Amino acid sequence: MPEVKLVPEKWVDRYGDYLFNYTITRINDAVLAQDLVSETFLAGLKSAHRFQGNSTERTWLVSILKRKIIDQYRKQNSKKGKAEVRVSYLATSDQEGDWLEERVGDLRNPTIEDEIEQKELGEALNACIGSLPERYATIFVQKSIDNLETETICKEHNITASNLWVILHRARVQLMECLKDKWFNDNI
Amino acid sequence: MAFRFFINCDDAHVLSTRDQYKDLDAKEHFRLNLHKSHCNGCRKFHKTNDLFTKKMNGLKWVRLSDEQKQKIKDRLKEELGR
């Protein structure tokens, strides 16, 4: 395995969205998630000299992010954190009404179930992308989610177009295998 | 590649994937469809592939806006400059 070098200048472009998605499925607060992601990058920068090159950049950043998320949970569950949460609910809510009432789903609204399903599928897909080899994952995300041009990706990774398609194909096959239980049960 | 009518399943799989990204030209479309017409496995694979694409496109992806990214980048740069 060639030694991995850190390239902090490209972190945000390469891993920003991935880490953000990873955080938001666990934290469920966009502002907080953004903060955590940027803190992760900063922490990565600070401890860059301790990075030994045994894992890939992304794995390393995710492990930092995991610690940050756990810290966040702790903070929320501590006594002080609980008080903070309650205060923020009262302070930010401009709707009037019962707290409980606001949290009951509208059963006539069919989109709520869809939303839950969407969220679960998204989490599953994210987890599966995380289990792909890093190269496959990056290329898959760039092509399918960021909708980048084939040529752009080829140039960045220094590969030919047919190479790219084979990689994409393998990534998709692995993803489909990984998601089989969750996604395809009811539809085939 | 010279024009061939018949392709093997591996090629058909890759063509099927490329089709998901609308990357096929007319010749390749023809080859893929011809292959699918006599290969049950690839027909099935293409169907699953289609479904996967459909489901994936239905997902809402949360993304950092360019502005947010720029903010984080600036902070990183500041830190790097020290």
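Sequence lines set the chain letters: A, B, ... in the order given, protein chains first and strands last, and positions in each chain run from 1. The structure presented is a predicted model; accordingly, all values stated were derived computationally and were not measured.
- Contacts of Thr53(B) with chain A are made by both backbone and side-chain atoms, with heavy-atom separations under 4.5 Å.
- Around atom CG of Asp25(B), more than 12 heavy atoms belonging to other residues, nucleotides or ligands sit under 6.0 Å away.
- Both Phe140(A) and Phe45(B) belong to a single network of hydrophobic side chains, linked directly or stepwise wherever heavy atoms of I, L, V, M, F, W or Y lie under 4.5 Å apart.
- Cluster membership check: Leu42(A) shares its hydrophobic cluster with Leu32(A), using side-chain heavy-atom separations under 4.5 Å among Ile, Leu, Val, Met, Phe, Trp and Tyr.
- In this structure, chain B has a heavy atom under 4.5 Å from the side chain of Leu45(A), while its backbone stays farther away.
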**OP:** Check the pair His169(A) / Arg18(B) against side chain to side chain contact (heavy atoms under 4.5 Å, CB included), numbers first and verdict last.
**Re:** CA-CA 8 Å; His169(A) 170 65; Arg18(B) 281 177 56 195; over 6 Å; no

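- Of the listed residues (Gly44(A), Ala33(A), Ser38(A)), the greatest number of heavy-atom pairs within a distance under 4.5 Å of chain B belongs to Ser38(A).
- Using a 4.5 Å cut-off between side-chain heavy atoms of Ile, Leu, Val, Met, Phe, Trp and Tyr, with links allowed through other members, Val31(A) and Phe20(A) fall into different hydrophobic clusters.
- Taking CG of Leu179(A) as the start and OG1 of Thr48(B) as the end, the distance is 12.5 Å to the nearest 0.5 Å.
- Heavy-atom distances place both the backbone and the side chain of Lys143(A) under 4.5 Å from chain B.
- What you find for Val166(A) and Val14(B) is that their closest heavy atoms are CG2-CG2, 4.5 Å.
- Leu32(B) and Phe52(B) are members of different hydrophobic clusters when ILVMFWY side chains are connected at heavy-atom separations under 4.5 Å.
- A side-chain N or O of Tyr21(B) and one of Ser144(A) form a donor-acceptor pair less than 3.5 Å apart.
- For Arg172(A) against Thr17(B), the heavy-atom pair with the smallest separation is CD-CG2, 3.4 Å.
- Neither Ile70(A) nor Val37(A) shares a network with the other; the hydrophobic side chains, linked directly or stepwise wherever heavy atoms of I, L, V, M, F, W or Y lie under 4.5 Å apart, form separate groups for each.
- Proximity to chain A (any heavy atom under 4.5 Å) is shown, for Asn49(B), by both the backbone and the side chain.
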**OP:** List the steps and the verdict of side chain to side chain contact (heavy atoms under 4.5 Å, CB included) for Leu15(B) and Trp165(A).
**Re:** CA-CA 9 Å; Leu15(B) 283 188; Trp165(A) 288 116; over 6 Å; no

